[in-house]
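To find a chain, count down the sequence lines: A is the first, B the second, and so on, and within it residues start at 1.
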Amino acid sequence: MSKLQPVRGTRDICGDDARRFSQVVDIFKSVAGRFGFREIATPLFEFSEVFRRTLGETSDVVSKEMYSFIDRGGDEITLRPEYTAGIARAYLSGGMQQEGVVKLYAYGPMFRYERPQKGRYRQFHQLDVEILGAPEPQADVEIIALGQQLLEEMGLASQATLHLNSLGDPESRQAYRVALVAYFDGNKDTLSKDSLARLSRNPLRILDSKDEGDQKLVANAPVMVDYLNETSRDFITSVKRGLDILGIEYTDNPKLVRGLDYYCHTAFEFITNDLGAQGTVIGGGRYDGLIEQMGGPATAGVGWAAGIERLGMLLSDVPEGPRPVALIPLGEAAEEKALKIASQLRKAGRTVDMAFRGKLKKRLSRANKQNARYAIILGENELAKGQAIIRDLDEGSQREVPLEGLLAALPPES
RNA sequence: GCGGGCGUAGCUCAACUGGUUAGAGCACUAGAUUGUGAUUCUAGGGGUUGGGGGUUCAAGUCCCCUCGCUCGCCCCA
């Protein structure tokens with residue numbers, strides 16, 4: 001293969017892919033807007049510290065997946081591997097604490113150095129929503145409802161299931177962690193080697209291990225619910241009540257553990273079976289400790305991220321845009337006249353395609369490829385009479401109309 | 001980082017146990033039609049069989065290395 005190929009894990013988004021992509025983004029912007037979220041666009045890169053501090057040194061993202069480099073000024077920079085840290089940073093840099101509760105949405109590319117596979121790329125794209133400054137469980141409910149609404153409007157609600165868990169507040173989580181480590185420590189010899197590594201790094205992860213032996217151990221392991229203190233229990237109960245009121249169905253999944261350190265209380269994922277090994281289509285939760293960890297004041301936060309590619313792959317066929325009108329001038333005088341006509345039609349809202357060169361035959365052929373419904377043929381003979389031909393490419397019929405009445409004579413866009 | 005599968009024309013794929021000049025469909029270009037597309041017919045262009053090395057009288061086919069793609073593990077969206 002030549003070197004003229006995209007870097008591994010990146011790809012060009014064109015044609016059908018592009019339509020799917022913008023379909024996802026368009027619906028997202030519409031839904032987020034109706035929930036009262038404002039758009040924010042944060043930089044594609046941040047000081048590496050921003051991600052290291054918030055995601056945790058031991059997380060996979062930080063330890064092996066970051067695209068980092070030293071810039072010319074000697075600063076260590078990282079291409080963003082996720083949204084939340086950057087948005088939290090923007091919240092602090094922009095003094096948004098002053099504004100009380102802040103609801104933000106964003107979408108754009110993310111970068112992680114991983115082995116690509118179905119639904120996973122090194123440059124991929126996410127939708128993201130965050131509510132900052134709201135410790136209330138109602139915020140969790142709203143954020144989940146937004147995800148549900150998004151899936152419904154994309155026609156994917158039936159393909160995804162909402163999985164819900166509580167990680168508890170820091171106190172509960174810590175207590176559970178201790179109990180869990182003690183339990184698995186006592187069964188070290190039966191643990192898989194992957195899980196052995198997880199034991200010291202992120203013991204909660206053992207819960208969703210795919211190893212059969214691990215799963216047998218997990219079946220008898222201590223359960224998070226038993227370690228939730230009253231505050232934590234009340235919190236998740238309120239969230240569930242909200243979901244019930246909205247009629248949003250969920251599955252309790254005590255094994256649902258998010259990979260990043262900063263999550264607490266609510267953790268949730270919308271999961272599908274239609275994407276191979278990458279089932280998570282929307283994933284998020286609450287991260288009350290993050291902003292403080294970053295050096296700001298204690299600030300609550302809850303949000304989710306969704307994979308645009310993954311959502312796009314689930315979409316059924318996305319229709320093409322409006323069928324253009326092909327404008328076909330023949331001869332120099334007609335070229336100039338056509339230039340004006342094209343402009344007028346476009347100002348009137350019509351989709352117009354005009355080739356830059358070619359004989360009639362060539363141009364009609366192009367019109368056909370562009371999926372044009374009508375062609376306007378402006379030849380020397382017609383021009384002399386002040387007329388043009390409107391040809392219906394589906395029917396194969398055509399008629400002459402006066403140039404003045406062209407727009408009116410053109411059937412509406414289909 | 002680890003494991004499986006696969007690399008033949010722009011795309012989708014053929015080529016019997018190794019055997020002559022690597023084929024087809026789609027796409028592209030031109031002509032049949034000097035001002036009529038899509039349909040039809042005819043002709044044409046396009047390949048160092050991913051790259052390198054080896055075995056053999058002979059390699060797209062067998063062996064080794066390498067690059068790439070793909071699916072999975074880890075982890076995540």
Q. With distance as the sole test, does A/Trp304 use its side chain to make a donor-acceptor pair with the main-chain N or O of A/Val129 at under 3.5 Å?
A.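 No; zero donor-acceptor contacts below 3.5 Å.
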(Q) Using modelled atom types and a 3.5 Å cut-off, is there a donor and acceptor pairing between side-chain atoms of A/Asp71 and backbone atoms of A/Asp75? (A)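 Yes.
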Separation of [N] [atom2] from [X] [atom1] (nearest whole Å):
X        : N     : atom1 : atom2 : result
A/Leu191 : B/C74 : CG    : P     : 14 Å
A/Lys385 : B/G35 : NZ    : P     : 16 Å
A/Tyr105 : B/A77 : OH    : P     : 21 Å
A/Arg198 : B/C74 : CZ    : P     : 6 Å
A/Ile206 : B/C73 : CD1   : P     : 18 Å
A/Arg363 : B/A38 : CZ    : C1'   : 18 Å
A/Lys193 : B/C74 : NZ    : P     : 11 Å
A/Tyr374 : B/U36 : OH    : C1'   : 17 Å

Does [N] have its OP1 or OP2 closer than 4.0 Å to a side-chain nitrogen or oxygen of [X]?
X        : N     : result
A/Lys369 : B/C28 : yes
A/Gln117 : B/G72 : yes
A/Lys361 : B/U36 : no
A/Lys210 : B/C74 : yes

Output the single nucleotide from [options] whose closest atom is nearest the side chain of [X].
X        : options             : value
A/Ser365 : B/C74, B/G37, B/U29 : B/G37
A/Ala305 : B/G35, B/G72, B/A77 : B/A77
A/Lys118 : B/C73, B/G37, B/G72 : B/G72
A/Ala277 : B/C73, B/C75, B/G35 : B/C73
A/Leu393 : B/A77, B/G37, B/C28 : B/G37
A/Arg115 : B/U33, B/C74, B/G72 : B/G72
A/Asn368 : B/A38, B/A77, B/C74 : B/A38
A/Ile389 : B/G1, B/A77, B/U36  : B/U36
A/Leu364 : B/C74, B/U36, B/C28 : B/U36

(Q) Closest-nucleotide mapping onto RNA chain B: is A/Gln398 or A/Asp211 further toward the 5' terminus? I mean the 5' end. (A)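 Mapping each residue to its closest nucleotide by heavy atoms, the 5'-most match is A/Gln398.
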Given that both distances must come in under 3.5 Å, which nucleotide forms a Watson-Crick or G-U wobble pair with [N]?
N     : value
B/A15 : none
B/G37 : none
B/A9  : none
B/G3  : B/C71
B/A59 : none

Q.
Show me the pairs that pass side-chain hydrogen bond (donor to acceptor under 3.5 Å, both in side chains) and involve residues 326-341 of chain A, at least two apart or across chains.
A. A/Glu335-A/Arg363
What distance, rounded to whole Å, do you find between the two [atom1] atoms, one in [N] and one in [M]?
N     : M     : atom1 : answer
B/G60 : B/C16 : P     : 12 Å
B/U20 : B/C13 : P     : 25 Å
B/A30 : B/A38 : P     : 12 Å
B/C41 : B/G4  : P     : 49 Å
B/G45 : B/C26 : C1'   : 16 Å
B/A43 : B/G7  : P     : 32 Å
B/U39 : B/G1  : P     : 49 Å
B/U8  : B/G47 : C1'   : 8 Å

Touch check for [X], heavy atoms < 4.0 angstrom, all strands: base, sugar-phosphate only, or nothing?
X        : result
A/Ile377 : base
A/Glu380 : base
A/Lys64  : base
A/Tyr113 : nothing
A/Gly396 : base
A/Arg8   : sugar-phosphate
A/Glu114 : base

(Q) Nearest 0.5 angstrom please: A/Gln387 CD to A/Glu404 CD, how far? (A) 9.5 Å
(Q) Counting only heavy atoms and a strict 4.0 angstrom limit, can you tell me which residues of residues 10-21 of chain A come near RNA chain B? (A) none
(Q) Within the 3.5 Å criterion, strictly below it, is a donor on A/Glu130 or A/Tyr287 matched to an acceptor on the partner's side chain? (A) yes
Q. Using a distance-only test with no angle check, is there a side-chain donor-acceptor pair under 3.5 angstrom linking A/Ser172 and A/Asp169?
A.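 Yes, side-chain donor-acceptor contact under 3.5 Å.
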Donor-acceptor pair under 3.5 Å, [X] side chain vs [N] base:
X        : N     : answer
A/Glu382 : B/G35 : yes
A/Arg120 : B/C75 : yes
A/Arg391 : B/G37 : yes

If you count the non-hydrogen atoms of other residues, nucleotides and ligands that lie under 6.0 Å from [atom1] in [X], is the total more than 12?
X        : atom1 : value
A/Phe35  : CZ    : yes
A/Asp317 : CG    : no
A/Phe69  : CZ    : yes
A/Tyr67  : OH    : yes

Q: Using a strict 4.0 Å threshold on nitrogen-to-oxygen distance, state whether A/Arg52 and A/Glu49 make a salt bridge.
A: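 A salt bridge links A/Arg52 with A/Glu49.
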Q) Are A/Asp208 and A/Arg198 close enough for a salt bridge, meaning some N to O gap below 4.0 Å? A)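 Salt bridge: no.
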